[in-house]
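Data first, discussion second: the structure below is written as structure tokens.
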Amino acid sequence: MNIKKKIINLKGLRCPDTMLFLRKKLRSTKIGELILIISDDITLKREIIFLCNFSNYILIKKNISKMPYSYLIKKK
């Protein structure tokens, strides 16, 4: 099985631009695709949880111990 992977670099963006840009990029993702999100926006720590809870994404892994933060999500 070949799982596609996508990297979305959001470094330098601040809320609300972070989420607007992220949602725009996520529209083109396919079911089962893994997405690595990289950001230095502290508000994304909270927003990524909301995104996964209310959209078709699963938060697989997060690294928020140091900047830039990274989140691995999968479209379901």
Side-chain angles (χ1 to χ4, degrees):
M1 178 185 248
N2 187 10
I3 298 174
K4 292 187 176 186
K5 297 175 189 169
K6 180 182 276 193
I7 297 173
I8 300 176
N9 185 348
L10 302 173
K11 289 191 286 188
L13 293 176
R14 296 293 174 260
C15 192
D17 294 335
T18 307
M19 286 307 294
L20 293 171
F21 187 79
L22 178 59
R23 286 177 189 243
K24 181 179 177 184
K25 289 291 187 180
L26 289 177
R27 283 187 203 127
S28 65
T29 59
K30 309 261 187 267
I31 293 174
E33 192 169 8
L34 290 172
I35 303 107
L36 177 63
I37 302 164
I38 301 169
S39 176
D40 55 359
D41 184 0
I42 196 164
T43 61
L44 194 60
K45 287 198 269 187
R46 180 182 65 242
E47 296 295 325
I48 201 80
I49 302 297
F50 293 139
L51 174 75
C52 291
N53 286 339
F54 297 107
S55 298
N56 290 325
Y57 296 95
I58 301 169
L59 180 60
I60 297 173
K61 186 178 179 182
K62 64 181 177 178
N63 181 3
I64 55 173
S65 59
K66 63 177 183 169
M67 282 200 197
Y69 304 128
S70 63
Y71 309 89
L72 183 63
I73 63 174
K74 181 178 182 179
K75 186 167 187 176
K76 57 180 176 174

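What you see below is based on every heavy atom in this structure, not just the backbone, and it leaves out hydrogens, waters and symmetry mates. All values reported here derive from a predicted model rather than from experimental measurement.
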Measure the shortest side-chain to side-chain distance between E33 and K6 over non-hydrogen atoms and say whether it is less than 4.5 angstrom. yes
The test is side-chain contact (heavy atoms from CB on, under 4.5 Å); show your working for L59 and N53 and say whether it passes. CA-CA 9 Å; L59 180 60; N53 286 339; over 6 Å; no
Whether over 12 other heavy atoms sit under 6.0 Å from K75 NZ: yes
Working to the nearest 0.5 angstrom, can you tell me the gap between K24 NZ and D17 CG? 11.5 Å
Given side chains that start at C-beta, do those of Y69 and M67 come closer than 4.5 Å, heavy atoms only? yes
Does any pair with a residue in residues 34-49 pass salt bridge (Lys or Arg N to Asp or Glu O under 4.0 Å), and if so which ones, sequence neighbours excluded? R14-D40
Are L22 and I64 in one and the same hydrophobic cluster, where Ile, Leu, Val, Met, Phe, Trp and Tyr link if side-chain heavy atoms are under 4.5 Å apart? yes
Under 3.5 Å, side chain of S28 to main-chain N/O of K25, donor-acceptor pair present? yes
Are L36 and S70 side-chain neighbours, meaning at least one heavy-atom pair lies under 4.5 Å? yes
Within the 4.5 Å heavy-atom criterion, are Y71 and N63 side-chain neighbours or not? no
State plainly whether one hydrophobic cluster holds both M19 and I49, where clusters connect Ile, Leu, Val, Met, Phe, Trp and Tyr through side-chain heavy atoms under 4.5 angstrom apart. yes
Min side-chain heavy-atom separation S39-L13 under 4.5 Å: no
Using a cut-off of 6.0 Å, state whether more than 12 heavy atoms not belonging to I42 lie near its atom CD1. no
If I compare all heavy atoms of G32 with all of K74, which pair ends up nearest, and what's the gap? O-CE, 3.6 Å
Is there a side-chain contact (heavy atoms from CB on, under 4.5 Å) between I8 and I35? Walk through the geometry before answering. CA-CA 7 Å; I8 300 176; I35 303 107; 3.6 Å; yes
Between the side chain of K76 and the main-chain N/O of Y57, is any donor-acceptor distance below 3.5 Å? no
Full working for side-chain contact (heavy atoms from CB on, under 4.5 Å) between C52 and I58: CA-CA 6 Å; C52 291; I58 301 169; over 6 Å; no
Report yes if some heavy atom in the side chain of L10 is under 4.5 Å from a heavy atom in the side chain of I38; otherwise report no. no
May I ask you to test the I37-L72 pair for a side-chain heavy-atom distance under 4.5 Å? no
